[in-house]
K.L.:
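The structure follows.
Quick note on labels: first sequence line is chain A, next is B, and so on, each numbered from 1.
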Amino acid sequence: MSEPVSEDLRHGYDFESIQERWLPVWDELQPFRSGDPADTRETRYVLDMFPYPSGDLHMGHAEAYALGDVIARYWVQRGFNVMHPIGWDAFGLPAENAAIKRGEDPAIWTYANIEQQKSSMRRYACSFDWDRVLNTCDPTYYRWNQWFFLKMHERGLAYRKASAVNWCPTCQTVLANEQVVGGLCERCDSAVTKKKLTQWYFRITDYAERLLDDMQQLEAGWPEKVLLMQRNWIGRSTGAEVQFVVEGREEPVTVYTTRPDTLYGATFFVVAVDSDLAAELVGGTPAEPDFVAYLDQVKQLSEMDRLDAGREKTGVFLERYAINPVNGEQIPIWASDYVLADYGTGAIMAVPAHDQRDLDFALKFGLPVSVVVESDEDPTVTGIATGDDGAHVNSGPLDGLGKADAIAKMIEILDERGTGKASINYRLRDWLISRQRYWGTPIPIIHCDTCGEVPVPEEQLPVVLPSAEGLDLKPKGASPLGAAIEWASVPCPKCGAPATRDADTMDTFVDSSWYFMRYLDPHLTTAPFDVEQAKKWAPVDQYVGGVTHAILHLLYSRFYTKVMFDMGLIDFNEPFTRLLNQGMVVMNGSAMSKSRGNVVRLSDELATNGVDAVRLTMVFAGPPEDDVDWADVSPAGAKKFLARAWRVADDVTSVPGADATTGDIELRKATAKAISEAEQALDSYRFNVAVAKTMELVNATRKAIDSGCGPADPAVREAAEAVAVMLSLVAPYTAEDMWRLLGHQPCVARAGWPTFDPALLVQESVTCIVQIAGKVRERLEVSPDISEADLKALALASDAVQSALAGADIKTVIVRAPKLVNIVPA
RNA sequence: GCGGGUGUGGCGGAAUUGGCAGACGUGCAGGAUUUAGGAUCCUGUGCCGAAAGGCGUGCGGGUUCAAGUCCCGCCACCCGCACCA
């Protein structure tokens, strides 16, 4: 099987030897270093989402990095100083799980994988600036996680509270809201349960309004879909808070509602079964045993079950009553799990006539239903809640008003009486960042019996993870760090008494929330990043990554950026100006997975077709945001094209610097057109189209060599050089070798984008189509600046037109010189 | 249920402001060269039709001299959210 190699040699193009030839040269020349302070080029910051080091690179990486690379390399060719860094999102569960399996330190597995990925990326010819590499599991990195935590703590943005939190029984750790997908753990798909724990939170809800408002800045550069998902996630809703007096209770209870206009229709009251309020209200009533039994039953449910909207309503009457503030009616208070403890106030007024959930509940338990918005159907008969909008009835001063007016009026009334006010609520919850696992950033807090939670003094950072040696990392619901007695036992920084370190580690999304700033100077020891470098480079001009992070990572990064802004560290408030969500690489329509047995191995593809062909396949497959189905594309075809392009350069016989202006005019025009069109395609992120334009130019040049002006014509050299530079974005090895064949020194990556004489784009004749009743009947070669009158006359005089008209009368003639004439017969 | 997106040859996909639908590639067919081809080169390739010609961008209407593109109504598929009061 040594055949393929000898064939390639026979035809000259051998991707393997080309790869071997140029890798060491590039290592030497380092064309993508961006840190030279004397560099005066305008700056651009291109960022690929950094990888998690679990094994070697796969097809998904190959696509993402190929696309990011096209953008970075294009901007280098256009004369920018481009920062294109890479690093590793190196903390997290897979390393820990692998370590448990092998009984070794997660650091060993992690760093081995990083080395492997790094070497694969080098071979894949990623245009990274290798001087800027960072690993989040290095203490030099995570000390700044801790630093940010302390700053947040100072500002009241990091706080601890006891709450029912999401718990993954498999990972044996808590999860943020964003990490629960459809009731399942985002990482391992286990059914998530609730657990009451005291945990650390970041107060992201304080930023809800700004996270929403600032999306305006992103509208031009982010996919609409991602913005929409974030808007939905933040879930702003407007309504009112209404106070209900509860019989036998000093303080009134406040509810949140988006429909204060339906207050006259509130016939009962529901509190979340797992809220403190429910326990308090039921305390001492005859309903208490029933309530406790019900609460136990609810606790058994997984989040999955609980979220099932089709499920029958359940609940318990608490033997207590509230007073409807507008009509003074006594309404019963129930507890149910369909009301969420952590949204609004954990209690609602139920308006069964006009809310489906409340109606379901009312019908199940035989509670009264009172229509307050005029409806044709009776909800108690149809079982369907009515009255999204309509005239209000049975509502005193609101009678006759529509929804919007009624809401305004009711808020006015509540305001006057001091029993309510307009209010805004968000679906977004605070970000739970504690994790009960080993491989993460230790939380820099010391718990002291007398002083409480004491921040680790800044000068004592980093709080370095204790060695995994001797620690049992197996998940058991409590952090393994607690068992590192020597590590955990420290004097209280305040009073000096014996105290213990917080044993939890931070969510790894903390690591990735600001890493884009650390790249600016990853070796800096005095601050997380250099403020001056930030002015030079940030924010990120182009971010590239999968849509899987549409909410989690991107929302957290946006939050961190606003916090950094408030701290005065930066002068912008959005981290990523443009965002490109590349599609996935799939096989036969479905995601590659071992269980499906449809995994295509990147290493196999690289061995068969070479790096350039794989990169080209990824880029040429279609629009970058679409999925690439490997069954639909042809890496072999890509290789064939690269060989064709290479041979064009090989065939050139003129010397470098040959005067192109004396060359074949038709090929020169084709070259100018290809460059211009590729440019437009690249500027609008239609990389597949840019490749097509390059292919057209290769075809035209081939033709010129074989059956046109011949290989010695300087226009052929001009075309081949343009192809080399255009190709350098996608197929750097082939392009570099073409550059060598053309008599140039490396690197083609910094040769500069080809220029052309705009006069070459002007055509001296264009094809004008002549339509009769919208159908093409004739084509005329005309001057591009022909007048409408001349063109009309010319078209009408044409034989084809005359015979097609067959003497019919003409109603109108539409002339769009010089491209079209449409003759409309009567 | 709510919200959003997408429908173009056998396949992946092209197509400024409405103005030659199918660029480029793949696949397929035929040919050249070759001991051979999973190499290279050339030719053809939307569909129907022998041809003339007709039809054609999910379906049905509409606007227009002209619609893949704009408007209205459907259908299909995909994605996100889903007891958030």
K.L.:
Which part of the nucleic acid, if any, lies within contact of Val813(A), taking any heavy atom under 4.0 Å across all strands shown: a base, the sugar-phosphate backbone alone, or nothing?
P.N.:
nothing
K.L.:
Does the ring center of Phe365(A) lie less than 6.0 Å from the ring center of Trp334(A)?
P.N.:
yes
K.L.:
Which nucleotide in the set A85(B), G54(B), C11(B) lies at the smallest distance from any side-chain heavy atom of Asp632(A)?
P.N.:
C11(B)
K.L.:
With heavy atoms under 4.0 Å as the rule, sort Leu228(A) into base, sugar-phosphate or nothing.
P.N.:
sugar-phosphate
K.L.:
When the nearest nucleotide of RNA chain B is assigned to Ile823(A) and to Arg644(A) on a heavy-atom basis, which residue is associated with the more 5' position?
P.N.:
Arg644(A)
K.L.:
Would you say a side-chain N or O of Lys640(A) is under 4.0 Å from OP1 or OP2 of U26(B)?
P.N.:
yes
K.L.:
G80(B) and C41(B): how far apart are their P atoms, nearest whole angstrom?
P.N.:
43 Å
K.L.:
Could one point to a donor on the side chain of Asn822(A) or the base of C65(B) with an acceptor on the other under 3.5 Å away?
P.N.:
yes
K.L.:
Base, sugar-phosphate alone, or nothing: which one does Arg429(A) contact when heavy atoms must sit under 4.0 Å apart?
P.N.:
base
K.L.:
How do Gly344(A) and Arg816(A) order along RNA chain B: which one's closest nucleotide is nearer the 5' end?
P.N.:
Arg816(A)
K.L.:
For the pair made of CG in Leu359(A) and P in C83(B), what is the distance, rounded to whole Å?
P.N.:
18 Å
K.L.:
Reckon Ser336(A) has a side-chain N or O less than 4.0 Å from the OP1 or OP2 of C83(B)?
P.N.:
no
K.L.:
Which glycosidic conformation, syn or anti, is assigned to G12(B) if syn requires a torsion within 90° of zero?
P.N.:
anti
K.L.:
In whole Å, measure the gap between the P atoms of G25(B) and U33(B) for me.
P.N.:
25 Å
K.L.:
More than 12 heavy atoms of other residues, nucleotides or ligands under 6.0 Å from CD of Glu625(A): is that the case?
P.N.:
yes
K.L.:
Do the side-chain N or O atoms of Arg231(A) get closer than 4.0 angstrom to the phosphate oxygens (OP1, OP2) of G3(B)?
P.N.:
no
K.L.:
Checking side-chain polar atoms at under 3.5 Å, does Asp430(A) have a donor or acceptor matched by the opposite partner on Thr205(A)?
P.N.:
yes
K.L.:
Taking G18(B) as the reference, what is the distance to G9(B) when you measure between their P atoms (whole Å, please)?
P.N.:
24 Å
K.L.:
Report yes or no: do Asn822(A) and Arg816(A) form a side-chain donor-acceptor pair below 3.5 Å?
P.N.:
no
K.L.:
Ring centres under 6.0 Å, that's the criterion: do Phe641(A) and Phe620(A) meet it?
P.N.:
no
K.L.:
Can you confirm whether more than 12 heavy atoms, excluding those of Lys403(A), are under 6.0 Å from its NZ atom?
P.N.:
yes
K.L.:
Which whole-number value in Å describes the distance from Tyr685(A) OH to G13(B) C1'?
P.N.:
21 Å
K.L.:
Using the P atoms only, state how far G54(B) lies from A76(B), rounded to an integer number of Å.
P.N.:
35 Å
K.L.:
Base, sugar-phosphate alone, or nothing: which one does Thr257(A) contact when heavy atoms must sit under 4.0 Å apart?
P.N.:
sugar-phosphate
K.L.:
Taking only side-chain N and O atoms of Arg702(A), does any of them lie within less than 4.0 angstrom of OP1 or OP2 on U40(B)?
P.N.:
no
K.L.:
Classify Lys775(A) by what it touches in the nucleic acid, base, sugar-phosphate, or nothing, heavy-atom distance under 4.0 Å.
P.N.:
sugar-phosphate
K.L.:
Just checking Thr694(A): base, sugar-phosphate only, or nothing, at a heavy-atom cut-off of under 4.0 Å?
P.N.:
nothing
K.L.:
If we take the C1' atom in both A52(B) and G5(B), what is their distance in whole Å?
P.N.:
44 Å
K.L.:
Could you run down the sub-3.5 Å N/O contacts of the protein with nucleotides 20-23 of chain B?
P.N.:
{"unit_1": "C20(B)", "atom_1": "O2", "unit_2": "Arg779(A)", "atom_2": "NH1", "d": "2.3"}
{"unit_1": "A23(B)", "atom_1": "O2'", "unit_2": "Glu696(A)", "atom_2": "OE2", "d": "3.3"}

K.L.:
Would you say Tyr338(A) places a side-chain N or O within less than 4.0 Å of OP1 or OP2 belonging to A85(B)?
P.N.:
no
K.L.:
Carefully, step by step, assess Tyr338(A) and Asp358(A) under the rule side chain to side chain donor-acceptor pair (under 3.5 Å).
P.N.:
CA-CA 9 Å; Tyr338(A) 87 90; Asp358(A) 298 342; 2.6 Å; yes
K.L.:
Atom CG of Asp706(A) to atom C1' of U40(B): distance rounded to whole Å?
P.N.:
11 Å
K.L.:
Does atom CG of Asp604(A) have more than 12 heavy-atom neighbours, drawn from other residues, nucleotides or ligands, at distances under 6.0 Å?
P.N.:
yes
K.L.:
Quantified in whole Å, what is the P atom distance between nucleotide C70(B) and nucleotide C20(B)?
P.N.:
16 Å
K.L.:
What's the CE-P distance between Met229(A) and A82(B), to the nearest Å?
P.N.:
10 Å
K.L.:
Looking only at the side chains, is there a donor atom on one of Glu778(A) and Ser798(A) sitting less than 3.5 Å from an acceptor on the other?
P.N.:
yes
K.L.:
For a quick test of reading the model, state the closest non-hydrogen atom pair linking Ser163(A) to Tyr201(A) and the distance between them.
P.N.:
CB-OH, 3.7 Å
K.L.:
Using the criterion of both pairing distances under 3.5 Å for Watson-Crick and G-U wobble pairs, give all stems of 3 or more consecutive pairs involving RNA chain B.
P.N.:
B:1-7 with B:75-81, B:10-12 with B:24-26, B:27-32 with B:40-45, B:46-48 with B:53-55, B:58-62 with B:70-74
K.L.:
Between C24(B), A82(B), C83(B), which nucleotide gets closest to the side-chain atoms of Met695(A)?
P.N.:
C24(B)
K.L.:
Going by the angle between their ring planes, with limits at 30° and 60°, are Tyr256(A) and Tyr343(A) parallel, tilted or perpendicular?
P.N.:
perpendicular
K.L.:
What is the distance, to the nearest angstrom, from the CZ atom on Arg686(A) to the P atom on C24(B)?
P.N.:
16 Å
K.L.:
What is the distance, rounded to the nearest whole Å, between atom CG of Leu642(A) and atom P of G25(B)?
P.N.:
13 Å
K.L.:
At their closest point, which heavy atom of Met349(A) faces which heavy atom of Ala266(A), and how far apart are they?
P.N.:
CB-CB, 4.1 Å
K.L.:
Tell me the interatomic distance from Lys811(A), atom NZ, to A66(B), atom P, rounded to whole angstroms.
P.N.:
8 Å
K.L.:
Quick one: Gln680(A) CD to A15(B) P, roughly how many Å, whole number?
P.N.:
11 Å
K.L.:
Taking U69(B) as the reference, what is the distance to C83(B) when you measure between their C1' atoms (whole Å, please)?
P.N.:
42 Å
K.L.:
If the P atom of A39(B) is compared with that of C48(B), how far apart are they to the nearest Å?
P.N.:
29 Å
K.L.:
Would one find a side-chain N or O of Asn699(A) under 4.0 angstrom from OP1 or OP2 of G25(B)?
P.N.:
yes
